[in-house]
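The structure under discussion appears below in the form of structure tokens.
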Number of protein chains: 2
Amino acid sequence: VKKNLFDKVAVLGLGLIGGSIALDLKSRRLCKTLNGYNRSRGGRIAAQRKKACDQTFARPEAAVRGADLVILATPVQHIPRLAKQVAPFLKAGAVVTDVGSTKAGIVKKISRALPRGVAFVGGHPIAGTDKSGMTAAQKNLFAGRWWLFTPGPRNQESLRALKKLQSLAEALGAKTAVLSPGEHDRILAAISHLPHLTAYSLVDAVLSFRKGRAIRYAAGGFRDFTRIAASSPEMWTDICLENRAALLAMLSRFEKSLRTLRRHIAKKNAAGLRRLFSRAAEARRRL
Amino acid sequence: VKKNLFDKVAVLGLGLIGGSIALDLKSRRLCKTLNGYNRSRGGRIAAQRKKACDQTFARPEAAVRGADLVILATPVQHIPRLAKQVAPFLKAGAVVTDVGSTKAGIVKKISRALPRGVAFVGGHPIAGTDKSGMTAAQKNLFAGRWWLFTPGPRNQESLRALKKLQSLAEALGAKTAVLSPGEHDRILAAISHLPHLTAYSLVDAVLSFRKGRAIRYAAGGFRDFTRIAASSPEMWTDICLENRAALLAMLSRFEKSLRTLRRHIAKKNAAGLRRLFSRAAEARRRL
């Protein structure tokens, strides 16, 4: 593990992801100084109690002063505005990354907001749970998880920044991969955004039946299946709207598969059902 | 716990459910003699190794001789035929129950197949996992789970049988409830059959995207969400066809909810998304 890839790091937004990054950087001594910014006082106090930061700030401009690495870790819809807000206060040569669940839209907006001489590389550690906030933050959250990077226009500066960020993510135990922002969003629509949408929708459909009285008999399968429907409604509303196009395309794919199943059931086509179920079961078992 | 509700019990079909019932009855000494029938030799050997039965039989007619309680525990589509096959060999006054995941169709068929003087009460312990077979059978599988009963025409005999079966299920740690076969099937369509259909369909949709290459980035949420898609394709094909009407009705409800979400996303209706997500998240958290 390489130490001190960055001397001074600022984490803006001390939620589950930002807070867990801070905890890992501090406890593994991967930087000399760690500044934390959080809008709410509760988050700042929780970060201090957990010793996630050397110093916490109520204003992001103050937190980024002199930082070699700035990590934008607020909810998705605030990230571009936050980048714009801190841009004038960034150190020349600083590296900026984010941890947003969608990439194409915000990468474009952030790249536009930052001054020359600052390298930006979009990032996304796939490590969310149905919990949120600094109180849910934990060490080792990224161990064994994917941390995807989506660089913008390639130049020497941004390639060097990408390399350092990959080393940092790997020092936190993550596996890294580099994707274009568009490809990232299509993949995440498939493996994360559509499943969340589906879980919310399924719980909604079951609730609309017999005023939700059926749900008391729900067993382990239903619980596992719908656990992600307990995730933050605000966060998922933003993600759905940010990744609108890719999500609608995946939703169409899913609706088509459901229509196929409906047709098989209506026509009592056992072979068709078995074929589709077997294909899915095999793929799931390989996971 | 009442002991010896039944002296001699025959479990026909030593899969996950039948095998686990046998294990509990034997280890808790809830009957004097336990006969097991399984079509495949492998299942019979596994049952003997696990000491789930006093004696195993290759023919169901032999297993039910003298039994006070006969539990039909084969896959759903074989249950009515099995009832018909053993009917002439049942002891007068015997109680018969089953453990099938669907009820309306098979309760009607079984009731017709059995002779007078034999009491039948449909049953369904909601305790399936994505594993199957005698090798997956375990003690205490039913502890804390629902065991639903769906009696046919009520008479003194069947009411007495229902009471004894409820006591037996409770002795195995289950919670019991009594429902009509139709109501049972509509509830299970909502909380179990539709979720399974959805999980299969979702994995299928993700597989159809980029030849399934996106799936490698899948995180914990996707894994939890789609675990039930690893369940037996044969079993779920039969359940879907057996519970066709109720499942198609629930599927319509779900498709309607998905269409609402699609409309909200397409129209960038954040308030609509947040409302639906919040309602589902609250219900899920209450589970």
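Basis for what follows: all heavy atoms, side chains included, without hydrogens, waters or symmetry-related copies. Numbered from 1 within each chain, the chains take letters A, B, ... in sequence-line order.
- Under a cut-off of 6.0 angstrom, the local environment of CZ in B:Arg227 is crowded, with over 12 non-hydrogen atoms contributed by other residues, nucleotides or ligands.
- Classification of A:Arg285 and A:Glu282 as a salt-bridged pair fails, no side-chain N sitting under 4.0 Å from a carboxylate O.
- B:Ser231 touches chain A through its backbone: at least one of N, CA, C or O sits under 4.5 Å from a heavy atom, while the side chain does not.
- Scanning both residues, B:Gln77 and B:Pro80, for their nearest heavy atoms gives O-CD, 4.1 Å.
- Only the side chain of A:Leu247 comes within contact range of chain B, with at least one heavy atom under 4.5 Å from a heavy atom of that chain.
- Both the backbone and the side chain of A:Arg216 come within less than 4.5 Å of a heavy atom in chain B.
- What you find for B:Ile79 and B:Asp98 is that their closest heavy atoms are CD1-OD2, 4.0 Å.
- Among B:His196, B:Glu255, B:Arg213, the residue with the largest count of heavy-atom pairs under 4.5 Å with chain A is B:Glu255.
- Looking only at distances, no side-chain donor or acceptor of B:Arg244 sits under 3.5 Å from a matching main-chain atom of A:Lys268.
- Between chain A and the residues B:Glu183, B:Lys175, B:Arg259, B:Glu234, the most heavy-atom pairs under 4.5 angstrom are made by B:Glu183.
- Between B:His124 and B:His184, the angle of the ring planes goes over 60°, which puts this pair in the perpendicular group of the 30/60° scheme.
- Interface residue A:Thr198: backbone and side-chain heavy atoms are both found under 4.5 Å from chain B.
- Between chain B and the options A:Ala199, A:Ala189, A:Ala245, A:Ser192, heavy-atom pairs under 4.5 Å are most frequent for A:Ala199.
- Minimum interatomic distance between B:Lys139 and B:Asp24 (heavy atoms only, all atoms of both residues): CA-OD1, 3.4 Å.
- Chain A forms the most heavy-atom pairs under 4.5 Å with one residue out of B:Thr260, B:Leu248, B:Leu188, B:Ile126, and that residue is B:Leu248.
- With a 4.5 angstrom heavy-atom cutoff, A:Arg186 touches chain B via backbone and side-chain atoms both.
- B:Leu207 touches chain A through its side chain: at least one heavy atom from C-beta onward sits under 4.5 Å away, while N, CA, C and O do not.
- When all heavy atoms of A:Arg223 and A:Ala218 are compared, the closest pair comes out as NH2-O, 3.4 Å.
- Heavy-atom distances place both the backbone and the side chain of B:Ser278 under 4.5 Å from chain A.
- Counting only heavy atoms from C-beta outward, the side chains of B:Arg253 and A:Ser208 approach each other to under 4.5 Å.
- Of the two parts of A:Leu258, the backbone and the side chain both hold a non-hydrogen atom closer than 4.5 Å to a non-hydrogen atom of chain B.
- Only the side chain of A:Arg210 comes within less than 4.5 Å of a heavy atom of chain B; its backbone N, CA, C and O stay farther away.
- Only the side chain of A:Ile228 has a heavy atom closer than 4.5 Å to any heavy atom of chain B.
- Taking the six-membered ring where tryptophan is involved, the planes of A:Trp236 and A:His193 are perpendicular, since the angle between them exceeds 60° and thus also 30°.
- At a 4.5 Å heavy-atom cutoff, the contact between B:Leu251 and chain A is made by backbone and side-chain atoms alike.
- You'll find the side chain of A:Ile191 reaches within 4.5 Å of the side chain of B:Val206, heavy atoms only.
- Ranking B:Phe209, B:Tyr200, B:Phe225 against chain A, the residue ahead of the rest is B:Phe225, based on heavy-atom pairs under 4.5 Å.
- Contact between B:Ala136 and B:Leu16 at its shortest, heavy atoms only, is O-CD1, 3.4 Å.
- Within residues 140-149 of chain B, the residues having any heavy atom less than 4.5 Å from a heavy atom of chain A are, in residue-number order, B:Trp146, B:Leu148.
- Heavy-atom distances place the side chain of A:Ala177, and not its backbone, under 4.5 Å from chain B.
- Between chain B and the options A:Val203, A:Asp204, A:Leu241, A:Ile215, heavy-atom pairs under 4.5 Å are most frequent for A:Asp204.
- Among the candidates A:Pro195, A:Ala270, A:Ser252, A:Gly272, the residue making the largest number of heavy-atom pairs closer than 4.5 Å to chain B is A:Pro195.
- In terms of heavy-atom proximity, A:Gly123 sits nearest to A:Thr97 at N-OG1, 3.7 Å.
- Between chain A and the residues B:Leu197, B:Leu273, B:Ile265, the largest count of heavy-atom pairs under 4.5 Å involves B:Ile265.
- Of the candidates B:His264, B:Arg275, B:Arg263, B:His264 is the only one forming a side-chain hydrogen bond (donor to acceptor under 3.5 Å, both in side chains) with B:Asn269.
- For the set A:Ser201, A:Ala280, A:Ala281, A:Ala214, the count of heavy-atom pairs under 4.5 angstrom toward chain B peaks at A:Ser201.
- Of the listed residues B:Ser232, B:Ala266, B:Ala283, B:Ala249, the one with more heavy-atom pairs under 4.5 angstrom with chain A than any other is B:Ala266.
- Residues A:Arg279 and B:Pro233 are not in side-chain contact: their nearest non-hydrogen atoms beyond the backbone lie 4.5 Å or more apart.
- Judged by distance alone, the side chain of B:Asn243 and the main-chain N or O of B:Thr102 form no donor-acceptor pair under 3.5 Å.
- Using a 4.5 Å cut-off on side-chain heavy atoms (C-beta onward), A:Leu261 and A:Phe277 make contact.
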